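A short worksheet on the structure shown next.
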Amino acid sequence: MVSSKNTLYYVHDPMCSWCWGFSKTWQEVKKLLPNSINIQYILGGLSPDNNEAMPTEMREYVQLNWKKIEQKIPGVKFNYDFWTKCSPKRSTYPACRAVIAVKNQNLKLSIKMIELIQQAYYLEAKNPSEDSTLVSLADSLNLDIDQFISDLNSKQTQQKLLDDIALAQSLGAHGFPSLVLKTKNGIEPIAIDYNNSITILNQINT
């Protein structure tokens with residue numbers, strides 16, 4: 001049996017397309033995990049702040065990645081209208097800070113915020129690289145929106161993001177999503193199966 005001190009780290013980025021692909025299986029993993037395992041979300045910070053328009057080559061790469069994910073993970077969908085309706089930027093730090101800004105007020109709502117960002121980006125063709133999008137999403141949650149706006153780009157929030165990134169690196173998590181199990185014996189990477197939660201759980205429960 002696992003001890004009460006075990007922690008499963010989920011290293012992710014709310015604008016990581018593979019994290020979106022993994023979301024259904026991840027929900028299944030969480031439901032089936034023993035209560036003795038603590039889950040800790042860590043923001044990996046995929047792409048730093050950048051106000052420049054995403055280069056054509058990067059746009060093509062990301063869209064090809066979306067198609068690859070749709071082929072690999074049955075049921076996952078992307079709304080390609082994003083590429084014509086929005087001005088894409090290679091910048092995920094704003095979305096990461098938005099999750100932290102919500103977490104400052106409510107941990108459970110921060111997980112809901114991750115889901116809202118993913119849905120806005122991948123299904124509703126909205127741009128989470130823009131503060132206006134993030135404020136609109138946060139405004140749908142039961143929190144102090146003025147506090148959220150104040151926290152979104154504060155130095156303290158940015159430092160918390162950098163701390164998360166440093167922790168992810170110390171755990172050896174260099175890709176997203178990543179799962180790392182910490183026990184009294186040390187840390188152990190958990191191989192991700194995007195289509196099978198049991199494969200993941202079997203690694204954790206041994």
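The first residue of the sequence shown is numbered 1, and numbering continues consecutively from there. Quick caveat: nothing in here was measured; it's all calculated off a predicted structure.
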On a heavy-atom basis, which atom in I165 and which in G44 lie closest, and how many Å separate them?
CG1-O, 3.4 Å
Side-chain (N195) to main-chain (K72) donor-acceptor, under 3.5 angstrom
yes
Starting at CD1 of I42, measure out to CG of L171 and round the result to the nearest 0.5 Å.
5.0 Å
Let's go through W20 and L123 carefully: what are the C-alpha distance in whole Å and the side-chain angles of both, what is the deciding distance for side-chain contact (heavy atoms from CB on, under 4.5 Å) to 0.1 Å, and is it a yes or a no?
CA-CA 11 Å; W20 168 242; L123 298 181; 3.8 Å; yes
Is there side-chain contact between I39 and L33, with at least one heavy-atom pair below 4.5 Å?
yes
For the atom pair CD1 (I192) and SG (C19), what is the distance rounded to the nearest 0.5 Å?
7.5 Å
Whether Q203 side chain and A191 backbone form a donor-acceptor pair below 3.5 Å:
yes
Is there a side-chain contact between T7 and I37 (heavy atoms, below 4.5 Å)?
no
Which atom pair, heavy atoms only, marks the closest approach of H174 to Q169?
CE1-O, 4.1 Å
Should the pair K67 and Y80 be classed as cation-pi, given the thresholds of under 6.0 Å to the six-membered ring centre and 45° from the axis?
yes
Any side-chain heavy-atom pair from L141 and K112 closer than 4.5 angstrom?
yes
ILVMFWY network linking M15 to V76, side-chain heavy atoms under 4.5 angstrom
yes
Between W18 and Y194, ring centroids under 6.0 Å:
yes
Closest non-hydrogen atom pair between S17 and N65, with its separation
OG-ND2, 3.5 Å
One pair to check against side-chain contact (heavy atoms from CB on, under 4.5 Å): D144 and Q105. What are the steps and the verdict?
CA-CA 8 Å; D144 184 335; Q105 299 187 44; 3.5 Å; yes
Hydrophobic cluster membership, with links at side-chain heavy-atom distances under 4.5 Å among I/L/V/M/F/W/Y: are V11 and I111 in one?
no
Could you check whether any side-chain heavy atom of H12 comes within less than 4.5 Å of a side-chain heavy atom of Q118, counting everything from C-beta outward?
no
Is it the case that D151 and T157 place a side-chain donor and acceptor less than 3.5 Å from each other?
no
So, do L116 and K126 sit near enough that their side-chain heavy atoms are less than 4.5 Å apart?
no
Exactly one of Y10, F176, Y9 should register a ring-ring contact (aromatic ring centres under 6.0 Å, His included) with Y41. Which one does?
Y10
Evaluate the side-chain proximity of L43 to P14: yes if any heavy-atom separation is below 4.5 Å, no if none is.
yes
Which word best sums up how the rings of F78 and W66 line up, parallel for under 30°, tilted for 30 to 60°, or perpendicular for over 60°?
parallel
For I149 and V135: C-alpha separation, side-chain torsions, deciding distance, then whether side-chain contact (heavy atoms from CB on, under 4.5 Å) applies.
CA-CA 7 Å; I149 293 171; V135 171; 4.0 Å; yes
To the nearest 0.5 Å, tell me how far N205 CG sits from I200 CD1.
11.5 Å
Okay, side chain of S110, backbone of V99: is any donor-acceptor separation there less than 3.5 Å?
no
Side chain of N127, backbone of S87: donor and acceptor closer than 3.5 Å?
yes
Atom NZ of residue position K89 - does it have more than 12 heavy atoms of other residues, nucleotides or ligands inside 6.0 Å?
yes
Any chain of hydrophobic side-chain contacts (each under 4.5 Å) joining L167 to L179?
no
Of all heavy-atom pairs linking P94 and P128, the shortest is CB-O, 4.2 Å
Hey, does the side chain of T25 reach the backbone of F22 with a donor-acceptor pair shorter than 3.5 angstrom?
no
Sub-3.5 Å donor-acceptor pair from the side chain of D13 to the main-chain atoms of L46, do we have one?
yes
Is it true that K160 and N104 share a donor-acceptor pair across their side chains at a distance under 3.5 Å?
yes
Report the distance from atom CG of L32 to atom CD of Q27, rounding to the nearest 0.5 Å.
11.5 Å
So for atom NZ, which belongs to K68, do other residues, nucleotides or ligands contribute more than 12 heavy atoms lying within a distance under 6.0 Å?
no
Hydrogens and angles aside, do D131 and N153 bring a side-chain donor and acceptor to less than 3.5 Å of each other?
yes
Test side-chain contact (heavy atoms from CB on, under 4.5 Å) applied to V180 and I190, step by step
CA-CA 6 Å; V180 180; I190 302 299; over 6 Å; no
Quick check: do M113 and F148 have side-chain heavy atoms less than 4.5 Å from each other?
yes
Check whether any side-chain N or O of T199 sits under 3.5 Å from a backbone N or O of D193 as a donor-acceptor pair, and report yes or no.
no
Closest non-hydrogen atom pair between G45 and T92, with its separation
C-OG1, 4.1 Å
Quick check for you: to the nearest 0.5 Å, what is the distance between K182 atom NZ and E188 atom CD?
14.5 Å
Distance, nearest 0.5 Å, that separates CD of Q158 from CG of D163
10.0 Å
Taking the side chain as every heavy atom from C-beta outward, state whether S47 and Y93 have any atom pair closer than 4.5 Å.
no
Applying side-chain hydrogen bond (donor to acceptor under 3.5 Å, both in side chains) as the test, list every pair that has at least one member in residues 49-61; sequence neighbours left out.
D49-R97
Identify the heavy atoms of S197 and V29 that sit nearest to each other, and give their distance.
CB-CG2, 3.7 Å
